[in-house]
Each structure stands twice: as C-alpha cells, then as structure tokens.
Number of protein chains: 2
Amino acid sequence: MRLILAITNALADETRVRAVLALQGGELCVCQLIELLGLAPSTISKHLFLLKQAQLIESRKEGRWIHYRLAGDDAPQAVRDALAWLFASAAKEPDALDDAKRLKTILKQDPEDICKRQMQSLKSCSCAPATPAAAKWRKAGLAISRAR
Amino acid sequence: MRLILAITNALADETRVRAVLALQGGELCVCQLIELLGLAPSTISKHLFLLKQAQLIESRKEGRWIHYRLAGDDAPQAVRDALAWLFASAAKEPDALDDAKRLKTILKQDPEDICKRQMQSLKSCSCAPATPAAAKWRKAGLAISRAR
DNA sequence: TCGTTAATTCGCCAATTGACGAATTATAGA
DNA sequence: TCTATAATTCGTCAATTGGCGAATTAACGA
C-alpha cells in the first residue's frame with residue numbers, strides 16, 4: 001500500500017505529471033525541467049524528490065549536474081504499469097503535446113545558454129553539457145519510452 | 001489532463017483506495033463502507049464524491065439508500081485502466097486482504113443490524129436492504145472485477 | 001401528514017502541500 | 001586554494017485537504 005500511495009500521490013500533481021511525461025524523450029537535467037515547467041529550482045527539486053521516492057524516476061550524477069530519467073525495467077511492476085497507464089492516458093493531452101513542442105526547442109538550445117539565461121533572470125541555475133554519457137542515457141531513455 | 005489528475009488525486013488517499021478495492025466484490029451502500037472504513041458518514045460521503053468525480057465509481061439510488069459500484073465498461077479508457085492497475089498492484093497488499101476479510105463478515109450481517117448499531121453508537125447511519133435490485137448489481141460488480 | 005432515517009452538504013479546525021527565497025552542499029575550473 | 005555554479009535542503013507562508021459534528025435533503029412508513 002505504501003508504494004501504491006507513493007505512486008498515486010506523486011502523480012496527483014500537474015507539475016509532476018508534466019515532468020514525467022517530459023522524460024519520455026530521454027533524460028533531462030534539472031535546469032531543462034526548470035526551463036520547461038517554469039518554477040523555482042527548489043520547487044522543481046522537491047517535485048523530483050517525490051517522484052524519485054515513488055520510484056517513478058531515477059537520477060544520475062555527472063559532475064555538478066544531475067540527470068533524471070524514467071524508471072527502468074528494474075522498477076517494481078506497479079511503477080512500470082503506472083507509467084504505462086500515464087503515457088497511454090496522456091498521449092493526446094493538449095498540455096502534454098504543448099510541452100513536447102516546447103521541450104523540442106529547449107533541447108535544440110545549448111544547455112549552457114539556458115543556464116546563463118536562468119542565471120541572469122533568477123540567480124540560481126543549472127544546465128547540462130552534451131557529454132558522451134548524457135547521450136548514452138538519452139538513448140536509453142528513448143528505448144524505454146519506445147518499449148511502452 | 002483534468003481526468004488524469006482527478007483519477008490520481010482520487011487514488012492518492014488510503015481511505016479512497018480501500019473503498020475502491022472493497023467495491024471489487026460488488027456494490028455496497030454507504031453504511032457498509034462506514035462500517036468497513038471506520039470514519040464518520042460525512043467523511044465517507046466526501047470521499048465517495050471525489051471518487052465519483054473521477055468517474056472511478058458510480059452510484060444508484062434505491063429508496064433512501066445509495067449503492068456505490070465500480071465504474072462500468074462505459075467509463076473512459078483511462079478510468080478502466082487505472083482500476084485495472086490498482087487491482088493488479090494491490091492484489092496482495094495486507095491491508096486489502098484484511099479489509100476483504102472484514103468485509104466478508106460485514107456482508108454476512110443483516111444490513112439492518114449494522115444500521116442499528118451505527119445508530120446507537122453514533123447518531124446518524126445508513127444501511128442497505130437485500131433487495132432483488134441489489135443482488136443484480138452485486139452480480140454485475142462481481143462480473144466486472146472478474147473481467148479485470 | 002409527520003416523524004424516522006439514509007445520505008449529503010456545510011462550516012469549522014488541524015494537518016499537509018506547493019510555492020518561494022535563503023542557506024547549504026558538492027563539484028569544476030582558475 | 002579559492003571562486004563559481006548546479007542542485008538540494010531548510011524555513012516560511014498561503015492554499016488545500018481530511019476529519020468531524022450540525023444542519024439539510026429525500027424518501028419510507030405509521
């Protein structure tokens with residue numbers, strides 16, 4: 001029951017649902033999620049913590065950057081099925097499609113630029129470099145979302 | 001997105017999850033749910049309202065009694081899939097098994113007796129008579145839960 | 001028609017949640 | 001080593017939620 005409620009609670013918030021849907025395309029760093037979701041870094045961080053508690057997402061640290069991705073095949077069945085339910089149910093949601101579109105433009109930008117822009121407008125920031133490791137996890141993320 | 005969040009919000013509370021799981025065995029009246037869940041009638045009523053808003057359950061009025069049952073095949077795909085996810089994920093939960101056991105003893109009792117006991121201990125109450133219509137919906141409920 | 005009663009709605013309170021900024025941690029680079 | 005920075009944790013606040021009892025609604029039955 002603990003895990004079930006952690007999952008439903010985690011998915012009972014629009015921002016968190018949008019974050020999970022955004023990760024369908026592969027892993028993202030916090031700064032990209034901040035850019036997409038338009039909330040303060042500390043707020044995003046807390047949301048990601050809740051999603052991670054529910055085992056819906058995993059994270060990988062690379063230097064100063066933390067990359068988040070969807071839970072893998074090692075996740076509990078309840079988690080994988082919940083993600084499958086969400087993706088199927090949200091596939092044609094206007095909000096999700098809009099986010100997917102905006103995410104595309106975010107991914108086209110140099111993460112450094114996103115970082116700098118956030119630095120200027122706010123005062124804390126994060127961004128991700130396009131390292132080989134990141135490319136690998138992005139590919140894995142794509143494979144996962146395709147498999148569902 | 002509206003429906004998705006209504007569903008996850010509705011299922012993000014232990015009492016409501018227990019109520020939905022209890023309805024797997026067929027329809028129940030509010031008084032039986034009060035007995036099972038051990039909360040005030042007004043509280044149960046509010047929970048059922050939220051579940052109904054999310055289209056996870058439906059209700060049927062029979063005289064003074066209102067019988068709740070799981071959503072049927074006419075419910076949106078997201079709803080039916082969410083219920084299927086919940087039933088699969090909660091199948092072996094100790095809390096659910098315990099509730100199922102206690103529900104059995106509740107169902108064995110004459111609803112009138114449950115009603116009277118609630119009347120005495122509290123001062124508001126509800127119960128359900130074993131009418132032919134109730135038996136029909138109970139049967140339908142069993143068919144639904146078997147199909148998942 | 002008038003009580004009785006199953007259930008809901010309403011109003012209130014304590015606890016939780018989501019948001020933010022400030023402070024902190026950890027890592028890269030000068 | 002010292003600075004800059006990506007991200008988190010902490011403290012605070014307003015808004016929401018879950019709980020209850022009281023009042024209300026709707027339907028049966030004397």
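Here is how names work: the chains are called A, B, and so on, in the same order as the sequence lines, proteins then strands, and each is numbered from 1.
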Note to self: Could you tell me how far apart Gln53(B) (CD) and dG18(D) (C1') are, to the nearest whole angstrom?
What the structure shows: 16 Å
Checklist line | Separation of dT5(C) P from Ile34(B) CD1 (nearest whole Å) | finding: 15 Å
Check: What nucleotide, of dA22(D), dA19(C), dG19(D), holds the atom closest to the side chain of Thr15(B)?
Finding: dG19(D)
Checklist line | N/O (side chain, Tyr68(A)) to phosphate O (OP1/OP2, dA6(D)) under 4.0 Å | finding: no
Notebook entry, point to check: Atom CZ of Arg18(A) to atom C1' of dA19(C): distance rounded to whole Å?
Noted result: 15 Å
Next item on the list: Assign each of Arg64(A) and Lys46(A) to its nearest nucleotide of DNA chain D by heavy atoms, then name whichever residue's nucleotide is nearer the 5' end.
Entry: Arg64(A)
Notebook entry, point to check: On DNA chain C, nearest-nucleotide positions of Ser42(A) versus Leu50(A): which is more 5'?
Noted result: Leu50(A)
Margin query: Of the listed nucleotides (dC20(D), dT8(D), dG18(C)), which one gets closest to any side-chain atom of His47(A)?
Written below: dG18(C)
Checklist line | NZ/NE/NH1/NH2 to OD/OE distance under 4.0 Å, Arg102(B) and Asp99(B) | finding: yes
Notebook entry, point to check: To the nearest Å, how far apart are Glu62(B) CD and dA26(D) P?
Noted result: 19 Å
Checklist line | Nucleotide of dA22(D), dG19(D), dT8(D) approaching Pro41(A) most closely (side-chain heavy atoms) | finding: dT8(D)
Margin query: Assess whether a salt bridge exists between Glu62(B) and Arg60(B), defined as any Lys/Arg side-chain N lying under 4.0 Å from an Asp/Glu carboxylate O.
Written below: yes
Next item on the list: Could you state the atom-to-atom distance from NE2 of His67(A) to P of dA6(D) in whole Å?
Entry: 12 Å
Next item on the list: Identify which nucleotide among dT8(D), dA19(C), dG18(C) has an atom closest to any side-chain atom of Arg16(A), counting heavy atoms from C-beta outward.
Entry: dG18(C)
Checklist line | Proximal nucleotide (of dC10(D), dT27(C), dA22(D)) relative to the Lys61(A) side chain | finding: dT27(C)
Check: How long is the line joining CZ of Arg60(B) and P of dT8(C), in whole Å?
Finding: 14 Å
Next item on the list: Using side chain to side chain contact (heavy atoms under 4.5 Å, CB included) as the criterion, point out the one residue from Leu86(A), Leu70(A), Leu83(A) that pairs with Leu56(A).
Entry: Leu83(A)
Notebook entry, point to check: Looking at dG18(C), dT9(C), dA22(C), which one has an atom nearest to any side-chain atom of Ser45(B)?
Noted result: dT9(C)
Checklist line | Single hit among Ile7(A), Leu23(A), Val20(A) for side chain to side chain contact (heavy atoms under 4.5 Å, CB included) with Leu51(A) | finding: Val20(A)
Next item on the list: Compare every heavy atom of Ser59(B) with every heavy atom of Lys52(B), then report the nearest pair and how far apart it is.
Entry: NZ-OG, 2.7 Å
Notebook entry, point to check: Atom CZ of Phe49(B) to atom P of dG19(D): distance rounded to whole Å?
Noted result: 16 Å
Margin query: Between the base of dG18(D) and the side chain of Thr43(B), is one N or O donor paired with an acceptor at under 3.5 angstrom?
Written below: no
Check: Between dG19(D) atom C1' and Asp13(B) atom CG, what is the distance in whole Å?
Finding: 11 Å
